[in-house]
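Step one of this worksheet: look at the structure below.
Just so it is clear, the structure is predicted and the values come from calculations on it, not from any experiment.
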Amino acid sequence: MPVAVAAAFSAVPAMASQQDSTAGSVQVYTIEDCYSLVRENYPLVRRYELLDLTEEYTLKNAYMNYFPQISLQGSASWQTDVLEFPFDLSPYGIEMPTFSKDQYAAIIELSQVLWDGGMIAANRANIRAKADVDMAQQEINMYSLREKVNELYFGILYIDQQLRRTDILMQDLDREYARIEGCIANGVANVSDLDLIEVERITQRQGRDQLESMLEAYLRVLTLMTGVKIDDSRQLVMPVPEGMDKEAMLDAIIQAEIRRPELMLYKAQELEIDTQLDYWTAGGLPQFSLFIRGGYGRPGLNMMDNSFQPFAIGGIRLVWNISQLYSLGYGKKIVNYSKEQINTVRETFLFNTDLQVQEQVAEIRRYFRTVEDDEKIVELREGIRRSTEAGVENGTKNASDLVSEINKENAARKQLIMHQIEMMKAIYELKTIKNS
C-alpha cells in the first residue's frame, strides 16, 4: 500500500485512540463490531427466539403421540327397524325380548401405540428440518443488514474526512488572508484580493455546515441500528489491513470460500425434503397399538338385553394403510425432482455470486490504480499551489489565481479521500458478497 494511502487509513484510528485516552469515555467501534451490534439489536432478531420456541413446542406436541391417547364418543340414534323374532313363544311361557328403535351409547377409549412404523419419529425429524429452513431464511434476512451497515459506516468515515479536509482548507485560507494583508501593506496586492479570500472562507463554512448536518443524520441512523450511542465519527475505526498490502489482502478474500447463508438454506431445504420421504414411507407400514374401550348405553354388548348397561372391550389393533404404498414411488420421484430444483437454484446462486465477485474485484483494482493517480495529482497540485503563493508574494500572481489553485488542490485531495474510502468500502462489499 502506498505511504499516503496507509497514512490516510491509519489517521482515524490514531485519533480515536487519542480521544479515548484523553477523555477516557469514548468507545470506539470497528465495522465488525457494528455487524454484531446490529444482529443483537435489530427487532428482527426477536424472531430467532420465536422460531426456537415454535420448534420446541411443536416437537413436544408431536412427542405426545407416544403417550396414551384418550377419546370420547357419544351417540343417540333412531332406526326404522329392529330385531324381531318370527314366532311367538308366549303360549309356552317364554317371553321374547323386544328392542327399542332408539339407541344410545357413550364410549371412552384408551389406546397406546406399540409401533407406528416410524411416523412419529419421521414427523419430529420433519419438524426440525422445517425449523432449520426457517432459521436459514431468517439468517439471510439478518445478513442483508450488512449492506446497510457498510453504507452508513463508510458514509460516516467519508463525511468525517471531508470535514477534516475542509478544516485544513479553512486554515490555509486564514493563513493566506493574513499573507494577503501583508502584501497589501507592501503594495503588491489590492483590498479586492482580501474579498476573494473572504468569499471563499464563507463558501467553505457553508459547505461545512451541510456536511455536519449529513454526518449527524448518518450517526443517528447507525445509533438506532446498533442500539449503542454513536454521536461522534471518531468512534468509528477505519478498517486497516494489518500486516499486508492491498494485493495480498485482495487475494486472500478472493481465495476465501463462499459462506453465504443462502447455501445453508439450500442444504436445509434438501434435508426437509428427505424427511418428507421418510414420513411417506412410514405411512405405508403397519401400525400396532393396544386399546381398551368402555362405555354405557342401550343396547350393550349383550344384544338380547334391551336395557341400559355398561360394557368394556380390550385388545390389540392393527392398522395398515396399504394404499399408501401405491403413491410411494411417485413420492420418491417428487423428492428427486425437488432436490434437483434446489440444486439448480444453488448452482445459479453460486454462478451469479461468482460473477459479482469478478465484477467487484475488477472495481477494486480500478480503485487501486485511481488512488495511485490521485496521489500523483495531489503532489502536483501542491507544487503548483506553492508556486502560486510565491507568485502572489512577488506580485506576479494575484489572489484570484491563488484561490483557484487552492480550490484545485483541495478538490484533488477530496477526490483522493473519496477514492480511498470507496476502495475500502468496495473491499468490504466483496467480503459481504462472499461472507469471508
Side-chain angles (χ1 to χ4, degrees), residues 30-56 58-59 125-154 222 225-226 239 249-279 333-365 424-436:
T30 65
I31 190 169
E32 287 79 9
D33 293 335
C34 290
Y35 291 154
S36 300
L37 289 169
V38 169
R39 285 184 62 89
E40 296 170 2
N41 177 69
Y42 203 70
L44 193 61
V45 76
R46 167 67 176 163
R47 191 162 182 264
Y48 280 112
E49 181 181 352
L50 297 177
L51 289 173
D52 283 336
L53 291 174
T54 300
E55 178 186 9
E56 177 185 352
T58 306
L59 285 172
N126 182 253
I127 291 170
R128 293 191 186 96
K130 288 181 180 294
D132 290 341
V133 170
D134 290 338
M135 281 291 188
Q137 185 61 62
Q138 167 75 358
E139 189 64 27
I140 292 173
N141 296 336
M142 292 296 296
Y143 188 78
S144 64
L145 296 175
R146 291 184 60 163
E147 296 180 0
K148 296 181 181 179
V149 173
N150 288 343
E151 294 292 334
L152 289 170
Y153 197 96
F154 288 101
L222 188 60
M225 291 190 66
T226 59
M249 177 181 60
L250 180 58
D251 290 339
I253 299 175
I254 294 173
Q255 295 171 11
E257 181 183 0
I258 296 176
R259 297 182 300 170
R260 289 282 293 273
E262 287 86 349
L263 299 178
M264 297 171 54
L265 174 63
Y266 303 143
K267 184 176 181 180
Q269 288 174 335
E270 286 184 335
L271 292 175
E272 181 191 2
I273 292 173
D274 287 335
T275 60
Q276 289 178 356
L277 180 61
D278 294 339
Y279 186 79
K333 292 182 179 180
I334 292 173
V335 166
N336 291 333
Y337 292 148
S338 298
K339 294 177 75 171
E340 286 181 10
Q341 291 178 6
I342 293 174
N343 191 52
T344 300
V345 173
R346 180 193 291 108
E347 291 178 353
T348 302
F349 172 77
L350 289 173
F351 179 80
N352 291 334
T353 301
D354 186 63
L355 287 180
Q356 285 183 286
V357 168
Q358 298 303 322
E359 292 174 356
Q360 196 68 16
V361 168
E363 183 79 358
I364 292 170
R365 288 209 164 98
M424 289 305 300
K425 180 173 179 287
I427 290 173
Y428 268 80
E429 285 177 346
L430 177 60
K431 290 169 66 70
T432 299
I433 291 173
K434 299 194 71 173
N435 192 21
S436 60

Exercise. Is Lys267 atom NZ crowded by more than 12 heavy atoms from other residues, nucleotides or ligands, each under 6.0 Å away?
Worked result: no
For this session: Evaluate whether atom CD of Glu32 has more than 12 neighbouring non-hydrogen atoms of other residues, nucleotides or ligands under 6.0 angstrom away.
Result: yes
Does some side-chain heavy atom of [Y] sit less than 4.5 Å from a side-chain heavy atom of [X]?
{"X": "Leu263", "Y": "Leu350", "answer": "yes"}
{"X": "Met264", "Y": "Met135", "answer": "no"}
{"X": "Val149", "Y": "Thr226", "answer": "no"}
{"X": "Ile258", "Y": "Asp354", "answer": "no"}
{"X": "Tyr35", "Y": "Leu145", "answer": "no"}

For this session: Please assess Ile31 against Asn150 for the test side-chain contact (heavy atoms from CB on, under 4.5 Å), listing each intermediate value before the final yes or no.
Result: CA-CA 8 Å; Ile31 190 169; Asn150 288 343; 3.4 Å; yes
Problem set entry | Smallest separation among heavy atoms of Val133 and Leu265, with atom names | O-CD1, 3.7 Å
For this session: Mind running side-chain contact (heavy atoms from CB on, under 4.5 Å) on Val345 and Glu262 for me, showing each step along the way?
Result: CA-CA 10 Å; Val345 173; Glu262 287 86 349; over 6 Å; no
For this session: Examine Lys431 relative to Tyr428 and say whether NZ or CZ is less than 6.0 Å from the centre of the six-membered ring and inside a 45° cone about the ring axis.
Result: yes
Exercise. Is the NZ or CZ atom of Arg346 both under 6.0 Å from the centre of the six-membered ring of Tyr266 and within 45° of that ring's axis?
Worked result: no
Just by distance, do the side chain of [X] and the backbone of [Y] share a donor-acceptor pair under 3.5 Å?
{"X": "Asn41", "Y": "Met225", "value": "yes"}
{"X": "Lys434", "Y": "Ala256", "value": "yes"}
{"X": "Tyr143", "Y": "Thr432", "value": "yes"}
{"X": "Gln360", "Y": "Ala426", "value": "yes"}

Problem set entry | Leu250/Arg365 under side-chain contact (heavy atoms from CB on, under 4.5 Å): CA gap, chis, key distance, verdict | CA-CA 9 Å; Leu250 180 58; Arg365 288 209 164 98; 3.9 Å; yes
Out of curiosity, [X] [atom1] to [Y] [atom2], how far, rounded to the nearest 0.5 Å?
{"X": "Thr353", "Y": "Gln358", "atom1": "OG1", "atom2": "CD", "value": "11.5 Å"}
{"X": "Lys148", "Y": "Leu222", "atom1": "NZ", "atom2": "CG", "value": "13.0 Å"}
{"X": "Asp132", "Y": "Leu271", "atom1": "CG", "atom2": "CG", "value": "7.5 Å"}
{"X": "Ile273", "Y": "Glu340", "atom1": "CD1", "atom2": "CD", "value": "10.5 Å"}
{"X": "Asp251", "Y": "Ile254", "atom1": "CG", "atom2": "CD1", "value": "5.5 Å"}
{"X": "Ser338", "Y": "Glu270", "atom1": "OG", "atom2": "CD", "value": "10.5 Å"}

For [X] and [Y], does a side-chain donor sit closer than 3.5 Å to a side-chain acceptor?
{"X": "Asp274", "Y": "Tyr279", "answer": "no"}
{"X": "Asn343", "Y": "Glu347", "answer": "yes"}
{"X": "Thr275", "Y": "Asp278", "answer": "no"}

Exercise. Are Glu429 and Glu151 close enough, and set up right, to give a side-chain contact (heavy atoms from CB on, under 4.5 Å), and what steps lead you there?
Worked result: CA-CA 10 Å; Glu429 285 177 346; Glu151 294 292 334; 4.0 Å; yes
Charged N to carboxylate O under 4.0 angstrom, [X] versus [Y]?
{"X": "Lys130", "Y": "Glu272", "result": "yes"}
{"X": "Arg260", "Y": "Glu139", "result": "no"}
{"X": "Glu257", "Y": "Arg259", "result": "no"}

